[in-house]
Structures are given as structure tokens and as C-alpha cells.
Amino acid sequence: MRTTLLDLRRMKKAGRRIPMLTAYDYASAKIADRAGVPMLLVGDSLGMVVQGHDSTLPVSLDDMVRHAAAVVRGAESALVVGDLPFLTYTSKDDAIAAARRLMQEGGVQAVKLEGGRHVVPIVQHLVQFGVPVMAHLGFTPQSQHQLGVRVQAKEAACAKRLLEDALALEAAGAFALVLELVPAPLAEAVSKRLRIPTIGIGAGAGCDGQVQVWHDLLGLFETSPRHAKRYAEIGAAIETAIRAYAADVEGERFPTKAQSAGMDADELARALA
Ligand code: KIV
């Protein structure tokens, strides 16, 4: 059974933390789903960790739809949320068109968009038409050139604004709220004031759930952001495996008979005659 919005509400009510992880392809979605992660995010962070850009801005709706479809094919039980890319939700019509593609072609069960009260009418509009919306406050990567990659809302006025934005997004119908790079005490206070679950990333332990980027969690790159904990060193493991493979090819130890098909000697002789 796939996780539902109601399940997430119930988890918050019961004080059960919600683990969320990004996924960008079929294999990673299958593994995360098997591990029991209840919610996957096809994040536009794919622009950085999959495509090698220095921000999420170049990610297109076509990119999102293609990756979302692969993730959905791999995820039987997790609720799959897809990011609406940069500038695809500046009007209600654009937002509907983008959400339609992500849900109908990509197959996601919900979309995520960034921003505070200025996106409230968009959230309301999407929700009215049946699109579950996850909101995103704090450091919002699509505004990285305005904000800088740093902890947000450290001063009282900004913190107050973030709380008001969170309440407005909840009232607009968002089913959950990502809090990224927000001081832990503020994130905890916001989480206590909201009925919908908060999902933190670099926002401390007081959020109702946590989201991490696949590559950060698994150590795919040499470094990870401060807020990430490396649960494995998969990048190093892959490098070791590839070095061993290359050395075996160079040393003529791969392939062996075990990886090869034989042929009747007479058949071969006739073919070569
Ligand atoms: O794109 C993404 O991966 C995200 C998470 C960092 C929350 O938005």
C-alpha cells in the first residue's frame, strides 16, 4: 500500500518521525522503497547531483518528468513527490500545466514548490484542482542567487515572517512543509504550531521528518554538506570496484569462461572455413 497524505498526518499526530529521501532513477527508488522509506522526493537537486550543474535552475520540466517516471516505476509503496522546476509556477495556469505533466506523465502523487506568501494563491489553486502540494521555506535553492547558500531566518523579523508564511501555506492547503537551513529552535517552534508535518533538511531534530539527498547520505561525492550524515561510502566502494574491473581487463583476468559462451568446435571450423 502506498503512503497517503492521511498517513503522514497520522504519523505527525502519533509523534512518529517521517524519513524522506531524494531519488532520481529506477534503481535508487527500488532500493529506498525496499528499505521502507515512506516518501521519496524527485528533487530538482538532480540538476546538481545528477547533471553536474552548480544550481537547480537549469532543470527543465522535461527533465523532471523523465526522472519522476523512472522513480515512480521503482517505488511501489513510497509516496513520490516531484519538484516543480524554476519559474514553472509563476502563474496559476503555468502551475497547473506543470503539475499536470508531473502527475500525468511522471506519475508522481504530489508536487513541491518553493516560496512563502507570494505562492499562496498558486498553492490554493493547485489544491482546489486536486494537486497535493508540499511547500518549501527557509533556504529555497531556486532563489540561491538572492539568498546565498546559508542558514535563513536567524533574526527575529525574518523568523516571524517564516512562521507567518508557514501558517499561510498550511491554510492554503499544503499537506507538508520542507524547512531547509533554518535554525533548529525556530524549526521546532514552527513544527509545533503547524498541524501539517514539517520535513527538515539542515533544520534540526525538532521537525516532524527529515529529508536528505541520496548522494549526500550515501557518500557518492568526496564531500557532503554539514547537515548531512554519511551512512555509507558508496562513491569510494564504486571506485574500488571499477579499479578492480579495469585491472582485471588489463591483466586478462576478465572475462573468464564463467562469463563467456562456448561453441561447438566443428561449427566454428565450418564457419571459418
Ligand atoms: O531538490 C531537492 O532535493 C530538495 C531537497 C533538498 C528538499 O528540494
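In each ligand, atom 1 is the first atom listed, and ligand 1 is the first ligand listed.
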Please tabulate, line by line, the atom pairs linking an N/O of ligand 1 to a protein N/O at a distance below 3.5 Å, with the distance in Å to 0.1, or answer 'none'.
| residue | atom | partner | partner atom | Å |
| --- | --- | --- | --- | --- |
| ligand 1 | 1 (O) | Asp44 | N | 3.2 |
| ligand 1 | 1 (O) | Asp44 | OD1 | 3.1 |
| ligand 1 | 1 (O) | Ser45 | N | 3.0 |
| ligand 1 | 1 (O) | Ser45 | OG | 3.3 |
| ligand 1 | 1 (O) | Asp83 | OD2 | 3.1 |
| ligand 1 | 3 (O) | Ser45 | OG | 2.5 |
| ligand 1 | 8 (O) | Lys112 | NZ | 2.9 |

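- For Leu169 against Ala135, the heavy-atom pair with the smallest separation is CD1-CB, 3.7 Å.
- Comment: Glu267 engages Arg270 in a salt bridge, judged by a side-chain N to carboxylate O separation of less than 4.0 angstrom.
- With sequence neighbours left out, Glu76 forms a side-chain contact (heavy atoms from CB on, under 4.5 Å) with Asp33.
- In the model, Thr198 has a side-chain atom that pairs as donor or acceptor with a side-chain atom of Asp208 under 3.5 Å.
- Every residue meeting the ring-ring contact (aromatic ring centres under 6.0 Å, His included) condition with Tyr24, not counting sequence neighbours, appears here in chain and number order: His215.
- Listed by first and then second residue, the side-chain hydrogen bond (donor to acceptor under 3.5 Å, both in side chains) pairs involving residues 128-139 are Lys112-His136, His136-Glu180 (not counting sequence neighbours).
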